[in-house]
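All residue numbers in this chain count up from 1 along the given sequence.
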Amino acid sequence: MTTVTPLKGFVGTAHTRVEGREKVTGAARYAGEIPFAELAHGWLVLSTVARGRIRAMDTEAVLAMPGVLTVLHHGNALHVETDYAGLMGMKPDPSVALFQHDRVPHAGWPVALVVARTSEQAREAAEALVVHYDQEPHDVAFTDGRPDAYTAADTPVAPAVAAKGDLEAELARSAVVVDAEYTTPEEHHSPMEPHAATAHWDGGRLEVVDSNQGSIWVQGELANLFSLDPASVRVRSEHIGGGFGSKGVRAHQVAAVMAATVLHRPVRVVLTRRQMFSLVGYRSPTAQRVRLGADPDGRLRALEHQALNLSSTVHEFLEPSALPGRVLYDADAHHTAHRIVRLDVPTPTFMRAPGEAPGSFALESALDELAEKCGVDPIDLRARNEPETGPVSGLPFAGRRLLLDCFREGARRFGWADRDPRPGLRRDGRWLLGTGTAAATFHAGAFPSTAAMTAEADGTFSVRISASDIGTGARTALTLIAADALHVTPDRVRVLIGDSDFGPAMIAGGSMGTSSWAWAITAAADELRERLVPGATIPPAGITVRSDTSAAIAALSQKERHSYGAHFAEAAVDVTTGEVRVRRMLGIFAAGRIVNPLTARNQFVGGMTWGISMALHEEAIRDPASGAHVGADLAGYHFAANADVPLIEADWLQEEPNADDPIGIKGIGEIGIVGAAAAVANAVWHATGVRHRSLPIRPDRVLQAGRHA
């Protein structure tokens with residue numbers, strides 16, 4: 001088994017980004033900026049109907065337009081293969097199998113790719129292409145209680161259904177019962193950098209320059225799709241302007257590879273902001289029912305969380321919203337289940353804290369309602385239901401500091417003890433004021449990864465790992481980790497990432513990237529230090545070692561391993577306009593070893609800011625008549641701007657070392673948003689005395705609820 005040495009030294013100290021100068025001076029080039037000789041440009045044509053068939057396509061006129069090189073569609077496109085298991089055993093979404101048939105399963109489905117010498121020529125021609133459809137009735141109505149909803153299949157993350165105890169019997173024995181339904185809308189991740197990819201063949205090898213969350217992931221998928229030897233595919237993704245779960249394998253990469261193969265020249269495909277709303281996934285809307293049964297003192301006898309999400313007709317994607325309850329609170333009877341309804345819509349995908357973000361809104365709102373009914377402080381209620389082991393799994397916890405530390409430290413800093421629990425009492429002029437809290441949790445795992453490390457002749461060290469820095473500061477964090485493991489200063493370490501040629505490694509996702517890569521880098525450093533003889537001359541080619549952590553991280557699966565946190569929010573509600581303003585937020589987290597406090601705080605605050613957006617602003621509207629989005633852009637899709645973001649404080653607690661995990665890194669990318677929306681919603685209740693069980697809490701909903709209160 002590979003062993004690793006615990007980190008110490010530079011890890012835990014603030015460090016500016018090692019690539020910061022490149023980014024602020026423009027020297028860092030993103031996927032859509034890298035020049036290629038004879039570069040052609042592809043522009044996707046998307047369906048304007050929500051269901052039907054392509055009857056005909058007027059390509060002749062488009063092919064005669066200036067600069068147009070080809071039009072790819074279902075009549076002439078290359079065949080792609082979808083019968084394979086990809087990342088973590090998941091089947092690919094057939095949406096990436098472009099132009100394989102004449103069916104249209106949703107509005108915004110890619111029906112053609114126009115390729116021209118310039119981007120302007122490609123766009124003009126794509127907009128001129130006339131496509132004739134045989135339109136069919138479509139169904140995009142997402143509601144609970146649909147007879148066609150079904151129990152989801154199990155996923156690599158968790159089983160769809162988990163249960164223990166007699167739920168109905170324990171509910172009947174409960175002195176206090178909460179039975180409430182909660183809904184969250186369709187939400188979208190729109191990173192600053194659009195999705196872009198350039199494909200070209202070089203000496204019989206396919207090379208793709210891309211913006212993604214895992215070069216080795218995209219390499220494997222493209223090799224499977226096009227039936228290629230993985231060694232003949234190279235994917236590079238050096239700088240990425242945000243991902244949030246959206247930058248996996250998408251239509252633009254497949255389209256670029258198809259066109260480059262046909263034209264024998266480099267082809268670049270960049271998605272527009274509007275196209276991203278139908279092509280790169282989103283968070284499914286959810287309809288959730290939570291039933292809690294408790295004794296008079298608030299101790300849970302029964303916990304049920306039923307969650308429904310939608311998916312497309314071509315692929316099943318589960319938004320596992322009921323997961324938080326399986327970790328956070330114990331009960332004699334504990335039932336959680338997920339259902340899906342298939343509609344004529346694009347397939348949802350992973351979005352920052354998939355499952356936990358919408359699920360925590362429902363669960364943590366229900367806990368707040370239970371605290372009110374029991375007359376118990378919300379923090380005390382959570383303390384009374386603290387589990388000793390995993391409530392469903394029965395596994396021991398690998399460090400659990402949710403209530404004993406995060407909530408108590410947060411309550412002290414936020415001034416929670418001075419809170420009058422009665423709602424609707426505090427005023428500031430026309431504003432009603434309230435405070436709320438909620439718990440946060442997210443799985444903290446690690447995935448097998450490889451890393452190569454070279455001791456160079458000039459006394460420096462090079463690290464090569466197929467990691468991705470999607471704006472989180474991963475490149476800097478890995479530099480600090482490598483420096484500690486090598487017992488040198490960070491300026492002697494050069495970390496190279498974003499290249500599938502560096503070998504298998506975890507993607508930047510699931511809050512597992514940095515922890516997985518750290519294991520591999522530290523293991524390589526330990527082996528390299530053993531091989532270096534003090535005073536010996538290093539040859540010109542250097543000394544290189546490669547690590548593989550497959551065996552080392554196996555022990556992590558034997559425990560419930562999570563990050564935790566406690567959110568506190570103060571909300572102000574205008575009683576005349578219904579406007580809600582968050583005045584301050586505090587998050588205290590227990591997320592393992594913090595590698596770089598500077599970038600870590602950015603991640604926590606970013607997640608909490610997204611929680612404000614989720615609570616008050618974000619909502620994608622789908623027109624039932626057309627099946628397409630209303631306002632599919634950043635003008636029509638609202639999110640928190642600078643003026644909406646108050647003073648946000650984020651801090652963390654140091655955790656004790658764990659013998660099974662000498663690295664001690666748990667991941668912080670998602671924990672900041674989990675529970676944040678619930679804390680805001682609970683604060684709105686405390687301000688007004690009215691519960692909001694549907695997000696976002698828009699002014700019209702506040703006014704309507706106030707009239708019926």
*For the rings on His188 and Phe244, is their centre-to-centre separation under 6.0 Å?*
no

(Q) Suppose we call two aromatic rings close when their centres sit under 6.0 Å apart. Are Phe350 and Phe317 close by that rule? (A) yes

Does [X] reach the main-chain N or O of [Y] with its side chain, forming a donor-acceptor pair under 3.5 Å?
X	Y	answer
Glu22	Ala28	no
Asp469	Thr472	yes
Thr261	Val257	yes
Ser449	Phe447	yes
His315	Ser95	no
His252	Val269	no
Asp484	Gly9	yes
Ser360	Ala676	no
Ser237	Asn212	yes
His567	Val674	yes

Do we see a donor-acceptor contact under 3.5 Å between the side chains of [X] and [Y]?
X	Y	value
Thr454	Thr544	yes
Tyr84	Glu221	yes
Thr349	Arg250	yes
Glu81	Asn224	no
Glu560	Ser393	yes
Arg492	Thr460	no
Ser211	His195	no

If you draw a 6.0 Å radius around [atom1] in [X], do more than 12 non-hydrogen atoms from other residues or ligands fall strictly inside?
X	atom1	result
Arg494	CZ	no
Arg205	CZ	yes
Asp491	CG	yes

Quiz item: Any idea how Phe604 and Trp652 line up, ring-wise: parallel (<30°), tilted (30 to 60°), or perpendicular (>60°)?
Solution: tilted

Would you call the rings of His443 and His562 parallel, tilted or perpendicular if under 30° counts as parallel and over 60° as perpendicular?
perpendicular

Distance col, row Thr13:OG1 vs Asn596:CG, nearest 0.5 angstrom, shows 7.0 Å

One should read off an interatomic distance between Ser468 OG and Glu238 CD, to the nearest 0.5 angstrom, of 11.5 Å

Is the shortest side-chain N to carboxylate O distance from [X] to [Y] below 4.0 Å?
X	Y	result
Glu33	Arg29	no
Arg234	Asp499	yes
Glu319	Arg283	yes
Asp210	Lys247	no

Discussion item. Is any side-chain heavy atom of Ile588 closer than 4.5 Å to one of Phe407?
Written reply: no

Arg546 vs Glu527, test: salt bridge (Lys or Arg N to Asp or Glu O under 4.0 Å). Steps then yes/no. CA-CA 9 Å; Arg546 178 174 289 275; Glu527 183 177 346; over 6 Å; no

